[in-house]
Enquirer: 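Mind having a look at this structure? Questions to follow.
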Amino acid sequence: MSTSTDLINNKVQDNLAKEVAKDLLQIGAVTLSPNAPYTWASGMRSPIYCDNRMTMSFPAVRNKIANGLAELIKVNYPDCQVIAGTATAGIPHAAWIAKELDLPMIYVRSSAKDHGRGNQIEGLLTSGQKVVMVEDLISTGGSVIDASLAVKEAGGDVQGVVAIFNYQLPKGQKRFEDYHVDLQTLTNYSTLIEVAKDNDAINEDQAQVLTQWKNSPETWFKDYYENK
């Protein structure tokens, strides 16, 4: 049964999700183009493009994000001992969070170096330490899951993942479930569409197109463009 405190916390989190979504739109970290879809590096066609590296250039936004992610960690992973950033986009946010929480930080490369000590994990990780992974955004979840596995193989106890934005793609959600990795994000695709509508960035028809992509991203372009 929900308590009044739970309800208040949920309201605060919902308001923050909307604020962050609005910020991402305003600074151009997220752009929506349902009428002229983008092509991702994977080849997937998409009506949305998210580049959260833009947040580094806006101190007020990045501070709000760092504080919000730190709060997610305090609430959901109170025993966290190490903050781990994923290379490369998660690294700056991990650094700001580690400073906020006064915790050690490491970062995880996509693969081990082919020179020197051959490290994949940079920084000090002691076996058994409780680790929270930091990512800038979640699409299919592959990179942060791989980074989490690297931390586990090195002896770390991965408590979960925090990120700024979640595309809420079915493939990504399933991957987190399959690997039993908990995920907490500041904002997400559904909230972003809601905020974009409320601020007249998109109309109702465009919102429907964007929702259709989230539900079936692999076939969306063919279903709704090539077959028109």
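Note that these values count all heavy atoms, side chains included, but never hydrogens, waters or copies made by symmetry.
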Enquirer: Considering non-hydrogen atoms only, spot the tightest contact between Asn52 and Asp136 and give its length.
Expert: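 Scanning both residues completely, I find the closest heavy atoms to be ND2-O, 3.0 Å.
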Enquirer: Is it true that, when you exclude Lys22 itself, more than 12 heavy atoms of the residues, nucleotides or ligands shown sit nearer than 6.0 Å to its NZ?
Expert: no
Enquirer: With the 4.5 Å side-chain cut-off for hydrophobic clustering, are Ile65 and Tyr107 part of the same group?
Expert: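 Unlinked, Ile65 and Tyr107 end up in two clusters.
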Enquirer: Let me check something: do Val82 and Tyr77 share a hydrophobic cluster, defined by ILVMFWY side-chain heavy atoms less than 4.5 Å apart, either directly or through other members?
Expert: no
Enquirer: Are any side-chain N or O atoms of Gln120 and backbone N or O atoms of Ala150, one a donor and one an acceptor, separated by less than 3.5 Å?
Expert: no
Enquirer: So how far is it from Arg109 CZ to Ile91 CD1, rounded to the nearest 0.5 Å?
Expert: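 Spacing of CZ (Arg109) from CD1 (Ile91) equals 8.0 Å.
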Enquirer: For Tyr167, give me all partners under ring-ring contact (aromatic ring centres under 6.0 Å, His included), at least two apart in sequence or on another chain.
Expert: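 Tyr167 satisfies ring-ring contact (aromatic ring centres under 6.0 Å, His included) with Trp40, Phe165, Trp213 once adjacent residues are dropped.
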Enquirer: Mind running side chain to side chain contact (heavy atoms under 4.5 Å, CB included) on Asp182 and Gln159 for me, showing each step along the way?
Expert: CA-CA 7 Å; Asp182 190 59; Gln159 303 284 285; over 6 Å; no
Enquirer: Can you see which heavy atom on Pro217 is nearest to which on Leu169, and at what distance?
Expert: CG-CD2, 3.9 Å
Enquirer: Between Gln208 and Asp205, is there a donor-acceptor pair closer than 3.5 Å when you use the side chain of the first and the backbone of the second?
Expert: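 Checking the backbone N and O of Asp205 against the side chain of Gln208, no donor-acceptor pair under 3.5 Å is found.
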Enquirer: How long is the straight-line distance from CH2 of Trp220 back to CG of Leu210, given to the nearest 0.5 Å?
Expert: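 Spacing of CG (Leu210) from CH2 (Trp220) equals 7.5 Å.
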Enquirer: Would you sort out whether Tyr49 and Ser33 count as a side chain to side chain contact (heavy atoms under 4.5 Å, CB included), showing the intermediate values?
Expert: CA-CA 8 Å; Tyr49 188 77; Ser33 183; over 6 Å; no
Enquirer: Does Lys152, at its NZ atom, have more than 12 non-hydrogen atoms belonging to other residues, nucleotides or ligands within less than 6.0 Å?
Expert: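 Correct, the count exceeds 12.
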Enquirer: Atom CG in Asp157, atom OG1 in Thr126: separation rounded to 0.5 Å?
Expert: 13.0 Å
Enquirer: More than 12 heavy atoms of other residues, nucleotides or ligands under 6.0 Å from OH of Tyr179: is that the case?
Expert: no
Enquirer: Treat each ILVMFWY residue as a node, draw an edge where side-chain heavy atoms are under 4.5 Å apart, and state whether Phe58 and Trp96 are in one component.
Expert: no
Enquirer: State which residues pass side chain to side chain contact (heavy atoms under 4.5 Å, CB included) with Lys74; sequence neighbours excluded, sorted by chain then number.
Expert: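 Testing Lys74 for side chain to side chain contact (heavy atoms under 4.5 Å, CB included), a comparison that skips the adjacent residues, returns Glu71, Leu101.
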Enquirer: Determine the sole option in Asp198, Asn199, Ile193 for which the side chain to side chain contact (heavy atoms under 4.5 Å, CB included) test with Val195 is passed.
Expert: Asn199
Enquirer: Within the side chain of Gln81, is there an N or O that forms a donor-acceptor pair under 3.5 Å with the backbone of Lys130?
Expert: yes
Enquirer: Of all residues at least two apart in sequence or in a different chain, which pass the salt bridge (charged side-chain N to carboxylate O under 4.0 Å, His left out) check with Asp178?
Expert: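 With sequence neighbours excluded, Asp178 shows a salt bridge (charged side-chain N to carboxylate O under 4.0 Å, His left out) to Lys174, given in chain and number order.
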Enquirer: Heavy-atom distance under 4.5 Å between the side chains of Gln206 and Pro47, does that happen here?
Expert: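 In short, these two side chains do not touch, never coming nearer than 4.5 Å.
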Enquirer: Do you know the tightest heavy-atom contact between Pro92 and Thr88?
Expert: CD-O, 3.5 Å
Enquirer: Work out which heavy atom in Ala196 is nearest to a heavy atom in Leu32; give both atom names and the distance.
Expert: CB-CD1, 3.8 Å
Enquirer: What heavy-atom pair brings Gln168 and Gln173 nearest, and what distance separates the two atoms?
Expert: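 For Gln168 and Gln173, the tightest heavy-atom pair comes out as O-OE1, 3.6 Å.
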Enquirer: Kindly compute the distance separating CD1 (Ile106) from CG (Asn119), expressed to the nearest 0.5 Å.
Expert: 11.0 Å
Enquirer: Show your working on side chain to side chain contact (heavy atoms under 4.5 Å, CB included) between Asp23 and Gln26 and close with a plain yes or no.
Expert: CA-CA 5 Å; Asp23 288 341; Gln26 287 182 335; 4.1 Å; yes
Enquirer: Is any side-chain heavy atom of Leu192 closer than 4.5 Å to a side-chain heavy atom of Thr187?
Expert: no
Enquirer: Determine, using the 4.5 Å side-chain heavy-atom cutoff (strictly less than), whether Ile138 and Leu24 are members of one ILVMFWY cluster.
Expert: no
Enquirer: Less than 4.5 Å apart, side chain to side chain, heavy atoms only: is that true for Leu16 and Lys64?
Expert: yes
Enquirer: So, does Arg62 use its side chain to make a donor-acceptor pair with the main chain of Met56 at under 3.5 Å?
Expert: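 Checked: pair present.
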Enquirer: In the structure I gave you, are the side-chain heavy atoms of Cys80 and Leu103 within less than 4.5 Å of one another anywhere?
Expert: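 Answer yes - side chains close enough.
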Enquirer: Could you check whether Ser143 and Asp146, counting side-chain N and O atoms only, form a donor-acceptor pair closer than 3.5 Å?
Expert: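 Judged by distance alone, the side chains do not pair up.
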Enquirer: According to a hydrophobic-cluster definition based on side-chain heavy atoms being under 4.5 Å apart (Ile, Leu, Val, Met, Phe, Trp, Tyr only), do Leu183 and Leu72 belong together?
Expert: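 In one cluster: no.
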Enquirer: So does Val134 get a backbone contact from the side chain of Thr86, meaning a donor-acceptor N/O pair under 3.5 Å?
Expert: yes
Enquirer: After noting the C-alpha distance and the side-chain angles of Asn166 and Tyr189, does the key distance pass the side chain to side chain contact (heavy atoms under 4.5 Å, CB included) rule?
Expert: CA-CA 6 Å; Asn166 184 3; Tyr189 191 88; over 6 Å; no
Enquirer: Starting at CE of Met54, measure out to CD1 of Ile27 and round the result to the nearest 0.5 Å.
Expert: 6.0 Å
Enquirer: Rounded to the nearest 0.5 Å, what separation is found between the CD atom of Glu135 and the NE2 atom of His93?
Expert: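 Between atom CD of Glu135 and atom NE2 of His93 there are 9.5 Å.
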Enquirer: Which atom pair, heavy atoms only, marks the closest approach of Lys197 to Ala207?
Expert: CD-CB, 3.4 Å
